[in-house]
Amino acid sequence: MNDATTRAQELREHYGRADVCLAAELCDRHPAGDVAATLIAGDLSAVDLTYGELRERSERLAAGLAGLGVGPGSRVATLLPKTADLLVTVLAVLRLGAVYVPLFTAFAPQAIALRLTASGTSVVITDETQRPKLDPGEDIPADAPWTVVTVGSDDWARLTGASPTGAPAAVVGPEGPMVQLYTSGTTGKPKGVIVPAKALASIVAYQEFALDVTADDVFWNAADPGWAYGLYYALLAPLATGRRTLLLNAGFSARSTWDVLGRFGVTAFAAAPTVYRGLRASGIAPPEGLRLRTCSSAGEPLNPDLVTWGREVLGVEIRDHYGQTELGMVVANAWHPDLREEIRPGSMGRALPGFRVAVLADDGEDGAAGAEKELPPDTPGRVALDVPASPLLWFEGYAGGVRGDRFSEDGRWYLTGDAGRADADCHLYFSARDDDVIIMAGYRIGPFDVESVLSTHPAVAEVAVVGMPDELRGEVVEAFVVLREGAEAGPTCRTSSRSWSGPATPPTPTRAGSTSSTPCPRPRAGRCSASSCGSGSASGVDRVGRPRATRRQAPGRHSAQASASSSWLRTRSAWSVVIVVTSSSSAPVTRARVASRSHTVSGAPTNWVSTRSATPARSSGVHSRARASAGVTYGCAPRPARMSSTHWPYGAASSRARSSVSATTTSADTITRGSATRPGRKASR
C-alpha cells in the first residue's frame, strides 16, 4: 500500500508539471512502432494503428484544423464510430491545445445540439452515417455557428492532406482543459464537466491500481468512448501508458463479444454488468482457451450472482468498481497485487490510492454540523470524498464555474449524492438513492434488491423494478421481466417468479425513517413480507436488512435511511409485487430498453415509455440513463426534476428505469433509440 501511495504521488507530480504537453503524453513519447490500438470491424477483421502512424496523421489533421481557426481553447467535437479517424481527431485536437468534446453516436439531434451549443463548439467531425443528425431542423439551427466536416468528403481530404506546420505541440500545463463532456441532464440541464490535463494522474492510477493493465496484457474496455468511462479508460488511459487498446466498431452481440475475447486473446476485460448478463443469458458457450486474467465491472450495480457466474464460466471473478464523471473511478475491488483483497459480498471495494472516501451524516442530523459529521462503521449515510485528503481529485466545478450542490459549504467534502456505508476496514457498500427508493406504505424498498433476487430465477434474463403510483400506499412495486430464450410467460411463470425467494435467508425490512436495525411491523397480510426475499450474496442485503450490493453513480441528494431498504417479493395486500413478463431476448436488455417495450398493465396495452399517465410527481416518469452496448443505446422519457438518474456515463449498456404507467394513459412524450424527449430537457444519458 505504501508503494501504491508513492506511485499515486508520482503520477500527481508528473501530470502537475507546468510543461505538460498532451500530444507528447498520449502519443509522441511512445516508440513509433508500438501499437496504440487494434481497430476491430464488425466482421472481426482488424488493423493495428501504431503510435508513429497516429502522430503523423494527427499532425496533418492538426494543420488542417488550424486552417479552420482551431487553436488553444477551441472546442472540437466528434460524432464518430470507433475507428482510426476517432483517435486521430482526438490527438489532433489536443495537439493544438484545443478541447475535445465527445458526442455519442446514438445521440439524437436534440442531445447533439445542446452539447454543441453549450460548449461553444467550432468544428464537428462526423461520418456519412451520422451526418444527417447535423442537418438543419427542429433542433439544429440553419445558421449553426459550427463547421461540419464529414470523413471521406473533399473537405476531410483537404484537412488530412495538409502539410504539418512543424510547430511544436501545445503546452497546456496541469490546469489546461483537455475534454469537455456532459452529465446526463436527468436532474436538470446537462452540466459541462471540463477535464484538465492533471486528471490524467487519476485516470492512469485507475488503470494501474484497479484494472492492473500491464505491458503483457491484451486490454479491452467495451465501453463506448462517447461517454466518460470509455473515453477515460478505453482511450486516454491506454494512450497515456502506452498500452494497446482494442476498439470494436460494432453493436453488442454475445457472439461477437465471445469471439473478440477468444480470437484476440483478451486478458484484461472491463464492461458494464449488462454485458456480462448478456453473455450469460445468450446460452452461447464461451470459446475454448480463454486467457482472461482480470474482469472488471463499472457503470451500474453488479448483481451478486454475476460474480459467481464469472468464477464458474470465465474462470475469473468479476470485480466491482465505482466512480462518477466528475471524479473518474475512486473506489474499487482492485486487481493490483499490492491492493488485491478477497471480495466482500456486496462491497464495491476500498478507496483507491489518492482518494479518501467517508460516510457522512445526512443533512440536518445533529444540527448545523450534521452535513459534515463522519459516521462510525456500518452506519448508513452520504458517501463523500475528503477533498484535502484526496490529492488525485481534479474536479472543482462545472463549466462556467458552477459548483452546484457538489461541495459542502466549507469546501472540505465532495458530495457524491450516493448513500452507503463503510465497514470497520473501510470497505464501502453502496445502498440506494432517495430517487431510486420505492416508498410503499411508509416502507423503503430498494429496487436493486428486488432485481437481484428475481435475476437468480432460472427463467429470468433481465429485470427492471419500478415504483408505480398507488392512491392508498403511495407506490407499489412492479417488476418488468424479460424471459430467457425458451421460457414461456403465463400464470405459472408469474406465480413462480412472484414466490421466488432466492437461495438465502430473508433480511429484516425496515420502516422508512428508522435505523437499519429496526425491524418493521407486520404488514397487513399478517406476516413479515420479507419471507421470500433472499439475502447475502443473493439479495445484496445483510442480516439486518442493509444492502450489500453495488454502487450507482448519480448526482443529487439522498436520505441516509435509504440504505436500510429491503426487497419484498412473495407477499400479499400492501406488499404485492406485480410481475409483468415481456418477450424474451437473447441480447443484453437494459432497464431502459425493457421500459421501451410494450406491456400490458391492468389489462390495457401501454408502452412504458412513449405514453405517460398523470400521476404523482415523484413517480411521473422514467428514471434512467441512456447507455450504449458497443454503439447501441436507449434513452429515457420524462421524469420529475427531483429524480436523479445514475450518473456515470460508461457507454456499455446499462440503466435503471423508473416509470409510472397506468391503464389510462394521456401523454405524447416519446422516446427514440438513442435519444430522449422530456419536458424542459433536451437530452438524457
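The chain is numbered in sequence order, starting from 1.
- Legend: residues meeting side chain to side chain contact (heavy atoms under 4.5 Å, CB included) with R7, ordered by chain and number and at least two apart, are E10, L11, E208, F209.
- Minimum heavy-atom separation, P109 to I140: O-CD1, 4.0 Å.
- Summarising the geometry of A8 relative to L392, their closest heavy-atom pair is O-CD2, 3.8 Å, with the distance given to 0.1 Å.
- A side-chain donor-acceptor contact under 3.5 Å links S58 and R95.
- Looking only at side-chain heavy atoms (C-beta outward), Y322 and D418 come within less than 4.5 Å of each other.
- With sequence neighbours left out, the salt bridge (Lys or Arg N to Asp or Glu O under 4.0 Å) criterion links E53 to no other residue.
- V93 places none of its side-chain heavy atoms less than 4.5 Å from the side chain of V99.
- Aromatic pair Y206/Y233: centroids less than 6.0 angstrom apart.
- Counted within 6.0 Å of CZ on R340, heavy atoms from surrounding residues, nucleotides or ligands total more than 12; the atom is thus considered enclosed.
- Contact between A351 and V357 at its shortest, heavy atoms only, is CB-CG2, 3.8 Å.
- Across all their heavy atoms, E25 and R29 have their closest contact at O-NE, 3.1 Å.
- With sequence neighbours excluded, the residues satisfying side chain to side chain contact (heavy atoms under 4.5 Å, CB included) with P174 are K198.
- Using the six-membered ring where Trp is involved, W220 and F269 have ring planes that are tilted, between 30° and 60° apart.
- With rounding to the nearest 0.5 Å, the separation of CG in L248 from OG1 in T38 is 12.0 Å.
- Of the listed residues (D212, D216, T267), just one forms a side chain to side chain donor-acceptor pair (under 3.5 Å) with R293, and that residue is D212.
- A heavy-atom distance below 4.5 Å is not found between the side chains of L26 and Y51.
- In this view, Y15 satisfies the ring-ring contact (aromatic ring centres under 6.0 Å, His included) rule with no residue, not counting sequence neighbours.
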* To do: Before giving the answer on salt bridge (charged side-chain N to carboxylate O under 4.0 Å, His left out), spell out for D139 and K133 the whole-Å C-alpha distance, their side-chain angles and the decisive distance to 0.1 Å.
  => CA-CA 9 Å; D139 302 297; K133 296 180 182 179; over 6 Å; no
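- With sequence neighbours excluded, no residue forms a salt bridge (Lys or Arg N to Asp or Glu O under 4.0 Å) with R244.
- Of the possible polar contacts, one joining the R115 side chain to the A111 backbone as a donor-acceptor pair under 3.5 Å is found.
- Counted by atom type alone, Q207 and R243 present zero donor-acceptor pairs between their side chains at under 3.5 Å.
- Annotation: ring-ring contact (aromatic ring centres under 6.0 Å, His included) contacts involving residues 80-101, sequence neighbours excluded, are absent.
- Residue R12 places its CZ atom among 12 or fewer non-hydrogen atoms of other residues, nucleotides or ligands, all under 6.0 Å distant.
- Under the 30°/60° scheme for interplanar angles, the aromatic rings of Y414 and F395 are found to stand perpendicular.
- Summarising the geometry of G120 relative to R75, their closest heavy-atom pair is O-CB, 3.9 Å, with the distance given to 0.1 Å.
- V179 places a side-chain heavy atom less than 4.5 Å from the side chain of L231.
- A donor-acceptor contact closer than 3.5 angstrom is absent between the side chains of D259 and S256.
- Minimum heavy-atom separation, A37 to L87: CB-CD2, 3.8 Å.
- Counting heavy atoms from C-beta on, the side chains of L306 and S297 never come closer than 4.5 Å.
- Aromatic rings of W227 and F107 (six-membered ring for Trp) have centroids within the 6.0 Å cut-off, being under it.
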